[in-house]
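None of these values were measured; they are calculated from a predicted model.
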Amino acid sequence: MTEPTTEVPEATRVTEVPDVREAPEVSQAGQGSASALNAPPMPAAPPAVPAAPAPARDRRVLRAVARWTAVVLVCGGLGAGSAVGIASMERTDVPGLATESDGRWDYPRLSLPALPQGTPRPFNEGNVLEVHHADLRKLVLPAPAGAIADEKLTGGWVPAERYLAEYPAAKRAELGTELKDHGVRHIAARAWSMPDGTSARVYLLRFDSADTAAEYNDLLVLPTEPEVPLLNAPVSGLDLQWKVPPGNSPTVSFVFEEKAPAGAQDVRHAYILAGDTLAFVIHERKGKAAEIPFHQTLVLQNQLLG
């Protein structure tokens with residue numbers, strides 16, 4: 001991948017660390033870090049389905065630009081062929097994080113998980129289907145310090161029904177059919193709550209290829225609003241306070257906030273399209289869901305996927 005010429009702030013800069021392809025776990029060192037996940041081996045993937053070669057990436061980009069010119073938000077870190085360490089964010093490095101009392105959450109230091117021997121990163125040259133070969137569960141953002149973990153969404157596999165429960169009941173059967181038609185392979189999720197009352201949930205959906213992930217995402221979002229509302233946010237619009245961090249990234253973010261009048265819970269949500277994987281991030285809180293930790297969560301999840 002070609003290095004960007006723009007100076008990348010520390011918040012979105014990734015640094016090389018020794019290759020860990022042979023290592024069973026990747027450490028998550030740093031203040032407030034969580035221990036490495038001791039997840040069981042991934043289940044056998046569904047039988048491979050022969051597919052036509054994916055269209056050239058530049059064609060896919062042109063298609064996206066044509067539809068999303070006003071709203072495509074590019075965010076994240078830089079892809080690399082070896083394992084990559086992601087540094088903890090400094091307050092002044094992330095848009096909107098400037099003071100000691102800005103409400104930033106204390107996430108652990110992150111690093112990308114090891115890959116199976118001989119497999120490329122999702123956006124390396126030659127990985128035309130933009131497949132994430134790493135264990136999907138290890139790409140789910142960990143909870144920050146002070147969080148109370150959800151006992152059911154711990155970063156492991158979840159059934160499609162749990163993901164679909166985020167949408168109105170009338171939409172679930174239709175979306176469930178679309179998931180099957182678009183070849184969703186796995187869904188992993190983590191949820192937690194914070195002392196200020198914020199509830200956060202992160203889902204990662206892995207599809208057969210980048211094209212099928214993009215097609216499913218197109219069913220969920222319109223240029224200025226979600227195509228499919230959330231159960232707890234019937235009407236949402238673009239989050240106009242979201243600022244694109246500097247740097248080049250192959251991931252694409254669609255960021256929304258609930259429109260007034262909000263219900264009992266104010267909801268912010270976003271979709272992050274990253275090759276064959278679609279992330280779905282939700283923050284909700286009684287009163288007002290804070291902007292800064294939501295944007296911080298998106299930056300870090302982007303980095304793990306990019």
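Between H269 and the options F254, F256, Y203, F294, a ring pair (Phe, Tyr, Trp, His ring centres under 6.0 Å) holds for only F256.
Linking ILVMFWY side-chain heavy atoms closer than 4.5 Å, directly or via other members, places V267 and L231 in two distinct hydrophobic clusters. Both Y167 and L219 belong to a single network of hydrophobic side chains, linked directly or stepwise wherever heavy atoms of I, L, V, M, F, W or Y lie under 4.5 Å apart. I148 and M194 fall into different hydrophobic clusters, where Ile, Leu, Val, Met, Phe, Trp and Tyr are joined by side-chain heavy atoms under 4.5 Å apart, directly or via other members.
A donor-acceptor pair under 3.5 Å links the side-chain atoms of R285 to the main chain of K288, judged by distance alone. D266 contributes no side-chain N or O that, together with a main-chain N or O of K286, makes up a donor-acceptor pair within less than 3.5 Å. Not a single donor-acceptor pair under 3.5 Å links the side chain of R206 to the backbone N or O of H186. In terms of modelled atom types and a separation under 3.5 Å, the side chain of T177 and the main chain of A173 share a donor-acceptor contact. Panel note: side chain T212, backbone S209; a donor-acceptor pair is recorded below 3.5 Å. Not a single donor-acceptor pair under 3.5 Å links the side chain of T119 to the backbone N or O of L115. Panel note: side chain E130, backbone F123; no donor-acceptor pair is recorded below 3.5 Å.
With respect to E161 and R172, no salt bridge is recorded, no charged nitrogen being found less than 4.0 Å from a carboxylate O. At a threshold of 4.0 Å, the pair R268-D239 counts as salt-bridged, since one of the basic side-chain nitrogens sits closer than that to a carboxylate oxygen. Salt-bridge check for R137 with D135: passed, with a basic side-chain N closer than 4.0 Å to an acidic carboxylate O.
Between the side chains of N302 and S253, at least one donor N or O sits under 3.5 Å from an acceptor N or O.
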Next item on the list: Verify side-chain contact (heavy atoms from CB on, under 4.5 Å) between L153 and V158, making sure each step is shown before the conclusion.
Entry: CA-CA 8 Å; L153 300 180; V158 299; 3.5 Å; yes
